[in-house]
Amino acid sequence: MKTLTSILSLSLILVLFFPSPSFSSAVRCNPQDKKALLTIKTALGNPYHLASWDPQTDCCGWYCLECHRTTNRVIALNIFKGELSGQIPPSVGDLPYLETLLFHKLPNFVGTIPQTVTKLTRLKSLSVSWTNISGPIPDFLSQLKSLTYLDLSFNKLTGSIPPSLSELPNLTELHLDRNRLTGSIPDSFGKFKGKVPSLFLSHNQLTGYVPKSLGFMKFPNLDFSRNKLQGDISFLFGPGKELWFADFSRNLFQFDLSKVVFYKSMSWLDLNHNKIYGSLPQGLTSLDQLQFLNVSYNSLCGKIPVGGKLQKFENTVYFNNKCLCGAPLSACK
């Protein structure tokens with residue numbers, strides 16, 4: 001009897017301290033999500049980068065993705081810096097609980113963004129950057145009403161910017177920089193339906209005038225640098241604006257800078273290589289948080305105002321103007 005009792009006690013100890021795999025960790029992965037993920041892996045040619053995507057294991061432990069702690073549904077798919085080739089698999093649209101979708105630094109990725117992403121109604125962040133995807137920016141992206149962050153930078157996208165992107169009510173950042181986009185900035189970008197996003201449109205081939213409608217919005221960050229935009233953009237500044245970061249360098253902008261009023265918390269102002277004239281406004285001396293300034297290669301004239309941080313910058317930020325003078329440049333005559 002004692003022997004039987006001892007055996008039972010030992011068995012209980014073994015169960016408590018050395019539980020079987022099926023007892024210790026229940027499989028979290030949703031079967032539908034797992035099926036979609038394996039389809040994605042196949043579409044990408046079963047790359048070594050996704051070697052952990054083993055159909056015999058729990059997909060919530062696979063590399064490049066995240067499951068929700070409560071529902072166990074896949075909420076994030078982040079594929080980056082891998083030797084992957086091909087196109088974005090349409091089956092990404094079969095992960096209905098996705099909140100984050102990222103394809104980053106994948107130079108062998110080509111093709112276009114599949115329309116199946118419109119099924120991802122919970123998607124908050126979409127990033128397809130540093131790839132070789134091409135073609136126009138899809139108009140159907142405006143259907144992703146939950147998006148707060150859209151990054152399509154460093155690709156080979158062409159064509160014009162879809163005006164419908166202004167219909168994204170929760171967007172806080174829009175990155176379309178470093179592509180091959182042409183045409184003008186949509187007038188609708190001055191009529192965003194919800195929050196006012198930061199706009200990053202630099203290093204493209206955009207032309208024309210910046211729509212006056214943008215002057216009615218309180219943009220926190222604007223980067224239109226290295227395009228072929230022209231005209232007066234002084235309306236983007238002024239009382240009531242909250243423009244913290246402004247880079248309008250290397251365009252064809254032409255306006256009188258002396259009359260511009262800047263946001264008191266502005267940190268970055270780059271206007272180099274334009275056709276801006278007038279003098280530097282005295283208000284620049286009151287920008288205590290100004291960390292970067294460049295007004296070189298314009299047609300500015302007059303004495304650089306004394307005060308604030310203006311004399312702390314290198315003289316190169318004032319180079320090649322019509323007749324700017326005073327510290328840190330040569331004294332005025």
Side-chain angles (χ1 to χ4, degrees), residues 124-125 142 145-153 161 163 165-177 184-204 206 209-227 229-251 253-272 274 276 278-295 298 305 307-310 312-313 317:
K124 297 178 181 179
S125 176
S142 62
K145 302 301 184 184
S146 296
L147 273 189
T148 61
Y149 182 84
L150 177 58
D151 183 1
L152 302 178
S153 63
I161 300 173
L165 293 180
S166 66
E167 298 172 10
L168 294 170
N170 298 298
L171 198 64
T172 59
E173 286 192 37
L174 176 60
H175 293 261
L176 304 178
D177 45 305
S184 58
I185 298 173
D187 181 70
S188 64
F189 277 19
K191 304 169 187 177
F192 276 91
K193 304 299 182 182
K195 298 180 179 179
V196 181
S198 296
L199 300 179
F200 298 90
L201 309 178
S202 71
H203 293 77
N204 280 291
L206 300 176
Y209 296 87
V210 175
K212 292 286 187 180
S213 60
L214 272 67
F216 298 106
M217 312 294 281
K218 294 182 179 181
F219 291 101
N221 303 288
L222 290 175
D223 186 354
F224 297 165
S225 63
R226 293 180 181 266
N227 282 286
L229 298 165
Q230 60 182 303
D232 183 354
I233 55 168
S234 59
F235 59 86
L236 296 175
F237 304 95
K241 299 294 194 302
E242 298 177 359
L243 191 55
W244 179 85
F245 176 101
D247 190 346
F248 301 120
S249 61
R250 295 181 181 271
N251 279 282
F253 294 127
Q254 187 172 13
F255 61 95
D256 186 349
L257 187 62
S258 61
K259 301 177 181 179
V260 173
V261 177
F262 297 98
Y263 179 48
K264 62 181 181 179
S265 297
M266 173 166 276
S267 177
W268 189 288
L269 177 63
D270 194 347
L271 301 172
N272 80 80
N274 280 287
I276 301 168
S279 59
L280 293 177
Q282 185 67 33
L284 284 172
T285 63
S286 63
L287 303 182
D288 297 332
Q289 299 183 41
L290 191 63
Q291 301 297 316
F292 183 91
L293 173 69
N294 194 340
V295 294
N298 280 289
K309 296 187 175 182
L310 296 190
K312 297 180 181 179
F313 293 112
V317 309

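Please read all numbers here as calculations on a predicted model, not as lab measurements. For the numbers below, each heavy atom of this structure counts, side chains included, while hydrogens, waters and symmetry mates do not.
- Considering only heavy atoms from C-beta on, Q291 stays 4.5 Å or farther from W268 through its side chain.
- Nearest heavy-atom pair across F189 and P163 is CE1-O, 4.4 Å.
- Remark: side-chain polar atoms of S249 are not paired, donor with acceptor, to backbone N or O of D270 under 3.5 angstrom.
- Smallest separation of non-hydrogen atoms from P186 and P211: O-CG, 3.8 Å.
- Proximity of E242 to P220: side-chain heavy atoms (C-beta onward) are nowhere separated by under 4.5 Å.
- Among all heavy-atom pairs drawn from K195 and P197, the shortest one is O-CD, 3.3 Å.
- Residues V261 and F237 fail the side-chain proximity criterion, which asks for heavy atoms closer than 4.5 Å.
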**Asked** Does the side-chain contact (heavy atoms from CB on, under 4.5 Å) test come out yes or no for F235 and V210, once each step is laid out?
**Response** CA-CA 10 Å; F235 59 86; V210 175; 4.1 Å; yes
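- Using modelled atom types, no side-chain atom of T148 and backbone atom of L171 make a donor-acceptor pair closer than 3.5 Å.
- Counting heavy atoms from C-beta outward, E173 and D151 have side chains that stay 4.5 Å or more apart.
- When all heavy atoms are compared, the tightest approach of S213 to D187 is OG-O, 2.7 Å.
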**Request:** Just do the side chain to side chain donor-acceptor pair (under 3.5 Å) check on N272 and N274 with the steps written out, would you?
**Result:** CA-CA 6 Å; N272 80 80; N274 280 287; over 6 Å; no
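- Among all heavy-atom pairs drawn from N170 and S146, the shortest one is ND2-CA, 4.1 Å.
- Q254 has its side chain out of reach of I276: every pair of non-hydrogen atoms, C-beta onward, lies at least 4.5 Å apart.
- Here the CE-CG distance, from M266 to D288, works out to 14.0 Å after rounding to the nearest 0.5 Å.
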**Prompt:** Taking it one step at a time, do L214 and L236 satisfy side-chain contact (heavy atoms from CB on, under 4.5 Å)?
**Reply:** CA-CA 7 Å; L214 272 67; L236 296 175; 3.8 Å; yes
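- To the nearest 0.5 Å, atoms CG (D232) and CZ (F253) are separated by 10.0 Å.
- How far CG of L174 is from CG of L168: 8.5 Å, rounded to the nearest 0.5 Å.
- Minimum heavy-atom separation, D256 to S279: OD1-N, 4.4 Å.
- Within a 6.0 Å sphere centred on CZ of F216, heavy atoms belonging to other residues, nucleotides or ligands number 12 at most.
- Relative ring orientation between H175 and F200 is described as parallel, the plane-to-plane angle staying below 30° on a 0-90° scale split at 30° and 60°.
- The CG atom of N227 lies 11.5 Å from the OG atom of S184; values are rounded to the nearest 0.5 Å.
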**Request:** Start with the C-alpha distance between Q289 and S265, add both sets of side-chain angles, then the distance that settles side-chain contact (heavy atoms from CB on, under 4.5 Å), and finish with yes or no.
**Result:** CA-CA 6 Å; Q289 299 183 41; S265 297; 3.6 Å; yes
**Request:** Apply side-chain contact (heavy atoms from CB on, under 4.5 Å) to the pair D247 and F224, showing each step before the final yes or no.
**Result:** CA-CA 6 Å; D247 190 346; F224 297 165; over 6 Å; no
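- The shortest side-chain heavy-atom distance between L269 and L243 does not fall under the 4.5 Å cut-off.
- Surrounding NZ of K124 are at most 12 heavy atoms belonging to other residues, nucleotides or ligands under 6.0 Å away.
- In this structure the side chain of L222 never reaches within 4.5 angstrom of the side chain of F245, judged on heavy atoms.
- Residue pairs meeting the side chain to side chain donor-acceptor pair (under 3.5 Å) criterion with at least one partner in residues 215-224, sequence neighbours excluded, are S198-N221, D223-S225.
- L280 CG to N298 CG: the interatomic distance, rounded to the nearest 0.5 Å, is 9.5 Å.
- Within 6.0 Å of NZ in K145 there are more than 12 heavy atoms belonging to other residues, nucleotides or ligands.
- Of the inter-residue distances, the one linking S258 atom OG with Q282 atom CD reads 12.5 Å to the nearest 0.5 angstrom.
- Side-chain contact check for L229 versus Y209: every heavy-atom pair is 4.5 Å or farther apart.
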